[in-house]
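All values derive from a computational prediction rather than experimental measurement.
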Amino acid sequence: MNVDVLLGLQWGDEGKGKIVDVLSAGYDLIARFQGGPNAGHTLEFDGKKFVLNTIPSGIFFDNTMNLIGNGVVIDPIALVKEIDMLKIAGHDLLVKGNLMISRKAHLILPTHLLLDVASEQKLGEDKIGSTLKGIGPVYMDKTGRNGLRIGDITLPDFEERYQKLVTKHTALLGTMYGEVVDFSEREEAFFAALKILSQFPLVDSEHIVNSYLKQGKKVLAEGAQGTLLDIDFGSYPFVTSSNTTTAGACTGLGIAPGKIGEVIGIFKAYCTRVGGGPFPSELTNGTGEEIRRTGKEFGAVSGRPRRTGWIDLPALKYAIMLNGVTQLVMTKADVLSGFEKIYVCTHYHHQGEVIDYMPYDICSAKPEPILKEIDGWNEDIMGITDTLQIPAKLMAYIDFLQKELEVSIKYLSVGPDRRQTISL
Ligand code: GDP
Ligand code: IMO
Ligand code: MG
């Protein structure tokens, strides 16, 4: 058996949570492989809505196990809040026993959050637009070989190790920013949260995932963020701090590359981005505003308005190449209903040339999009349940994209609810 991977092909928020939930019943294990509480994965079913940050989106299925992988970074306070939210909604994970946590997942300390805030403040106008969840600083400590892992909480000298790292952080905060705000309350909450998390199975997840495969069980790796936010291939430095691509599933779970099965790439029928950085097909006019309003494009984590624009083919082709995408999912097609014309960015004008790829200097050169006009469709599609009900003009858009992207679109999402999903 191989591991299927599901990940975002744009700048995040493509609808990963919804689609993982739709597919979960067919898997034995859903495993998050990178990112942390910067993610906000929204699920809707039975009239209820949930936003998950660190917990995998298979959590609502009784026969599906969920794993927070070694590549994920955990803020204990945020994770316990999420666990409590689910408990109040009738899903007690300790009773259900359907959540495991990798011992090797790194911990976000209260001071990582302070460092994130301070570093963004220092950047001023050039700030990344981080979610301020401590992501950059915690991955810096991981690669700097200073980090603390959740498995370390059982070590007798855990508090000493914690103090050592905090001393380093406070010195940094002091020299860089002149003052260190009081974080004692958050520190208390941090240790209280760790106590609660220690009741969950802290496991050597690489062995578990591989033994699932050996037993012929089905595993789905759930990505966070999107390919264009990848630390290596995204619009650097306006990226997150992990590998959001298929390769990240290998390192973030301990799966050999040859064990990767289907790679399911998700994209919106248009494009959005939260935070700073280049966005060649961005719409800063009334049309962009209309997409934001109809698509309810406000961050699931920060509530910030998402920037909106037309679909970007050079970017999507790049993402498909990097990930080895074998199946596509298009979400939010319903949001474009009623537009007389829609547009697709097919190429860029860049340094006096027409190019069909994302250039290295995308941040400084600001390539201009070259747009192709496409007929829109007028029908409300949020209630359709069958391919036969797909309006002809939407079908033509789907066909055009499949031809350009050279991968089939397997599912079409026409609304936020689990049932609003059509298999093509
Ligand atoms: P994720 O981070 O990739 O899981 O995506 P988010 O949850 O941050 O953002 C996607 C938003 O779009 C959420 O509010 C979803 O409920 C919603 N959504 C997902 N698919 C569709 C769709 O096909 N149509 C509409 N209108 N909303 C959708
Ligand atoms: P999901 O999983 C959209 C963006 C931030 C910022 C940049 C760096 O819900 O798709 P970070 O906090 O990671 O240091 O921020 O990345 N970002 C996301 N944008 N969806 C996300 O996650 C994101 N996670 C981070 O807005 O531009
Ligand atoms: Mg999101």
Side-chain angles (χ1 to χ4, degrees), residues 1-12 14-17 19-24 26-36 38-39 41 52-59 64-74 99-106 135 139 142-143 203-214 217-234 239-267 318-329 407 410:
M1 261 300 172
N2 289 328
V3 175
D4 294 340
V5 182
L6 181 144
L7 41 72
L9 299 179
Q10 296 163 320
W11 278 288
E14 297 90 348
K16 297 176 290 294
I19 301 298
V20 170
D21 172 63
V22 167
L23 300 177
S24 280
Y27 286 93
D28 299 296
L29 174 70
I30 308 294
R32 262 283 298 272
F33 60 87
Q34 44 68 237
N38 50 348
H41 294 181
L52 299 174
N53 307 113
T54 310
I55 295 175
S57 303
I59 204 73
T64 308
M65 188 50 101
N66 291 269
L67 167 71
I68 297 173
N70 58 278
V72 176
V73 286
I74 297 174
L99 179 68
M100 303 181 281
I101 304 171
S102 167
R103 281 197 171 102
K104 297 191 172 75
H106 277 247
I135 302 299
Y139 277 113
K142 177 179 176 176
T143 52
V203 298
D204 293 321
S205 56
E206 61 277 33
H207 291 294
I208 292 183
V209 174
N210 283 287
S211 80
Y212 263 68
L213 298 181
K214 230 177 185 168
K217 291 185 178 169
K218 294 197 71 183
V219 180
L220 179 67
E222 173 179 358
Q225 290 75 58
T227 302
L228 306 177
L229 289 169
D230 181 271
I231 181 74
D232 281 282
F233 299 108
V239 293
T240 190
S241 297
S242 62
N243 281 116
T244 57
T245 40
T246 305
C250 293
T251 56
L253 291 174
I255 313 159
K259 288 258 161 39
I260 298 292
E262 298 292 332
V263 179
I264 306 161
I266 305 205
F267 66 98
Y318 186 53
I320 288 169
M321 175 187 82
L322 292 170
N323 290 304
V325 171
T326 60
Q327 301 177 0
L328 291 167
V329 179
V407 184
K410 198 147 177 236

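- For the residue pair Ile74 and Ala105, the shortest heavy atom distance occurs at CD1-CB, 3.7 Å.
- In terms of heavy-atom proximity, Arg32 sits nearest to Leu253 at O-CD2, 3.7 Å.
- Here the side chains of Ile101 and Val72 are not in contact, with every heavy-atom distance at 4.5 Å or above.
- In this structure the side chain of Leu328 reaches within 4.5 angstrom of the side chain of Leu9, judged on heavy atoms.
- Closest approach of Ala221 and Phe33 over heavy atoms only: CB-CD2, 3.8 Å.
- Considering Ile19, Val325, Leu7 as possible partners of Ile266, the one that fulfils the side chain to side chain contact (heavy atoms under 4.5 Å, CB included) test is Ile19.
- By the 4.5 Å heavy-atom criterion applied to side chains, Lys217 and Met1 are not counted as neighbours.
- Side-chain atoms of Val239 and Gln225, non-hydrogen and from C-beta on, never get closer than 4.5 Å to each other.
- In this structure, the side chains of His41 and Val20 stay at 4.5 Å or more apart for every pair of heavy atoms.
- Side chain of Asp230 to main chain of Phe233: a donor-acceptor pair is present (N/O by atom type, distance under 3.5 Å, no hydrogens or angles).
- Asn38 contributes atom CG, which lies 7.0 Å from atom OG of Ser242 (distance to the nearest 0.5 angstrom).
- Under the 4.5 Å side-chain criterion, counting only non-hydrogen atoms from C-beta, Pro56 is in contact with Leu99.
- Every residue two or more places apart in sequence or in another chain that forms a side chain to side chain donor-acceptor pair (under 3.5 Å) with Glu206 is listed here: Lys104.
- Residues Asn53 and Ala39 share a closest heavy-atom pair of ND2-O, 2.9 Å.
- For Asp4, the side chain to side chain donor-acceptor pair (under 3.5 Å) test picks out Tyr27, with sequence neighbours left out.
- With rounding to the nearest 0.5 angstrom, the CD1 atom of Ile30 is 8.5 Å from the OG atom of Ser57.
- Residues Leu23 and Leu6 are in side-chain contact: their nearest non-hydrogen atoms beyond the backbone lie under 4.5 Å apart.
- Taking CG from Leu220 and CG from Leu29, the interatomic distance works out to 9.0 Å, rounded to the nearest 0.5 Å.
- Distance check: Glu222 CD to Lys16 NZ gives 8.5 Å after rounding to the nearest 0.5 Å.
- Contact of the Asn66 side chain with the Ile55 side chain is not registered, since no non-hydrogen atoms from C-beta on lie closer than 4.5 Å.
- Shown here for Ala249 and Val5, the closest heavy-atom pair between the two residues is CB-CG2, 4.1 Å.
- Atom CG of residue Leu322 and atom OG1 of residue Thr246 lie 9.0 Å apart, to the nearest 0.5 angstrom.
- Of the options Asn323, Thr244, Thr245, a side-chain hydrogen bond (donor to acceptor under 3.5 Å, both in side chains) to Thr227 is made by Asn323 and by none of the others.
- To the nearest 0.5 Å, the span separating CG on Leu213 from NZ on Lys218 amounts to 11.5 Å.
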